[in-house]
Asks: 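One structure is given below, represented as structure tokens, and several questions about it will come after.
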Amino acid sequence: MRLATWNVNSIRARVVRTVDFAVRENIDVLAMQEIKCKPEQFPYEAFEEAGYHVEAHGLNQWNGVAIASRSPITEVEHAFPDMPGFLKGHEGPDAPQEARALGATIDGVKVWSLYVPNGRGLDDPHFTYKLHWLEALRAYTQRTLAAQPDLPLALVGDFNIAPTDADNGDPTVVEGVTTHVSPEERAAFQALLDAGLTDTVRPLVPTGYTYWDYKQLRFPRNEGLRIDFILGSSALADAVVAAEIHRNERKGEIPSDHVPVVVDLELDGDADDDRPMIF
DNA sequence: ATGACGTTATTGTAACGA
């Protein structure tokens, strides 16, 4: 299985580019974030003509997540348990959930397409929301892997955290000043790893960014952030044989500000695993 | 210069992003 994640920053604005990438790169499962539309507005036809099933979860013009897959998509969920909600001016336990998580099972792999809240500012209610959201995700992960230690679980998407200083090349992103690099966010990311997940890309692609702001020549200057990840349980991480960050997708006409991240998995029963058996 | 850049709501202006 070739698994990818991409914050597309509007699927309607970039459907041709997105499908072209999936086909050209032979992607089996593409998790998308920031589709910025409701399901009835999603350009399903372009994906279906290219051989993909699609599940989309969007409530309005904000956020929105989707999964395109060559194999059938089952066990679809629109939130993980206890996922907090948010509504500006109506913070609290009763705030409605946003379209930031889509879970599904594909060829035995449990995949979550995740768009972690931005945080907006260190003193903003959205920052508290971000930390609560990540804690609920950690708790879900820990419970799930305690019950099913051998589950191939993939948490993929835009985590809106640069886990180490090496993941921050943007001079305007500064610890103590902006989100994405605070000790609290980094601790929340580490807690996810401690719950049984591995960053499956870093060992194979040790450097590089996945996002560059549209403003101030950030991409030509290569002043980006590494904030998009493919995290996997041990069963999933052990199956990773290759990983890529597709920096070139930040080039050309109307690019997203994020680029795709891809892993190749060799799972038991892979139909395309044609290597000879050697004893 | 409280903006730069881009998308979506909408059609003048605001929210949101990281």
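Everything numeric here is computed off the predicted structure, so don't read it as measured data. Below, all heavy atoms of this structure are taken into account, side chains as well, without hydrogens, waters or symmetry copies.
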Asks: Contact class for A:Y115 vs. all strands (heavy atom < 4.0 Å): base, sugar-phosphate, or nothing?
Replies: sugar-phosphate
Asks: From the list B:dG17, B:dT7, B:dA15, which nucleotide is the closest neighbour of the side chain of A:N63?
Replies: B:dG17
Asks: Any side-chain N or O of A:S10 below 4.0 angstrom from OP1/OP2 of B:dT8?
Replies: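 Affirmative; the distance criterion is met.
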Asks: Are OP1 or OP2 of B:dC16 and a side-chain N or O of A:K88 less than 4.0 angstrom apart?
Replies: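 Yes.
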Asks: Using atom C1' of each nucleotide, how far apart are B:dT2 and B:dA14 to the nearest Å?
Replies: 16 Å
Asks: Tell me the interatomic distance from A:Y129, atom OH, to B:dC16, atom C1', rounded to whole angstroms.
Replies: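 Those two atoms, OH and C1', are 13 Å apart.
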Asks: May I ask you to check whether A:Y214 and A:F219 place their ring centers less than 6.0 Å from one another?
Replies: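 Not close enough - the centres of the two rings lie 6.0 Å or further apart.
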Asks: Would you indicate what A:D257 reaches in the nucleic acid, counting non-hydrogen atoms under 4.0 angstrom: base, sugar-phosphate, or nothing?
Replies: nothing
Asks: Within the distance-only criterion (no hydrogens, no angle test), does the side chain of A:Q33 pair as donor or acceptor with the backbone N or O of A:N7 below 3.5 angstrom?
Replies: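 Confirmed, A:Q33 side chain pairs with A:N7 backbone.
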Asks: Please state the P separation for the pair B:dA4 and B:dT13 - nearest whole angstrom.
Replies: 15 Å
Asks: Between A:E223 (CD) and B:dC5 (C1'), how many Å, whole number?
Replies: 15 Å
Asks: Would you indicate which nucleotide in B:dG17, B:dC16, B:dA9 comes nearest to any side-chain atom of A:H126?
Replies: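 Between B:dG17, B:dC16, B:dA9, the one nearest the side chain of A:H126 would be B:dG17.
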Asks: For B:dG3 and B:dG17, measure between their C1' atoms and round to the nearest Å.
Replies: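 Their C1' atoms lie roughly 15 Å apart.
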Asks: Would you call the rings of A:Y129 and A:H126 parallel, tilted or perpendicular, taking 30° and 60° as the class edges?
Replies: perpendicular
Asks: Taking OP1 and OP2 of B:dT7, is either one under 4.0 Å from a side-chain nitrogen or oxygen of A:R14?
Replies: yes
Asks: The side chain of A:Q41 is closest to which nucleotide in this list: B:dA9, B:dG17, B:dT7?
Replies: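 Given the options B:dA9, B:dG17, B:dT7, the side chain of A:Q41 is closest to B:dA9.
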Asks: Quick one: on DNA chain B, does A:K215 or A:H258 contact a more 5' nucleotide (nearest heavy atom)?
Replies: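 Its nearest nucleotide being more 5', the pick is A:K215.
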Asks: Taking any heavy-atom pair under 4.0 Å as a contact, classify A:R100: base, sugar-phosphate, or nothing.
Replies: sugar-phosphate
Asks: Tell me yes or no: between the side chains of A:H246 and A:E244, is some donor less than 3.5 Å from an acceptor?
Replies: yes
Asks: Measure from the ring center of A:F189 to the ring center of A:F229 and say whether it is less than 6.0 Å.
Replies: yes
Asks: Considering just the side-chain nitrogens and oxygens of A:R120, establish if one lies under 4.0 Å of OP1 or OP2 belonging to B:dG17.
Replies: yes
Asks: Looking only at side-chain N and O atoms, does A:Q61 come under 4.0 Å of OP1 or OP2 in B:dG6?
Replies: no
Asks: Rounding to a whole Å, what distance do you find between A:Q216:CD and B:dA1:C1'?
Replies: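 Value for this atom pair: 12 Å.
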Asks: Rounded to the Å, how far apart are A:L59 CG and B:dT8 P?
Replies: 17 Å
Asks: Can A:N222 and A:W212 be counted as having a side-chain donor-acceptor contact under 3.5 angstrom?
Replies: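 There is such a pair between these side chains.
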Asks: Roughly how many Å is it from CH2 in A:W212 to C1' in B:dA4, rounded to a whole number?
Replies: 20 Å
Asks: With DNA chain B as reference, determine whether A:G121 or A:P255 sits nearer its 5' end, using the nearest nucleotide of each.
Replies: A:P255
Asks: Counting only side-chain N and O atoms of A:R250, is one of them less than 4.0 Å from OP1 or OP2 of B:dC5?
Replies: no
Asks: Expressed as a whole number of angstroms, how long is the span from A:F42:CZ to B:dT8:P?
Replies: 13 Å
Asks: In this structure, how many angstroms lie between the P atom of B:dC16 and the CD atom of A:E34, rounded?
Replies: 13 Å
Asks: May I have the distance from A:D213 (atom CG) to B:dG6 (atom P), rounded to whole angstrom?
Replies: 10 Å
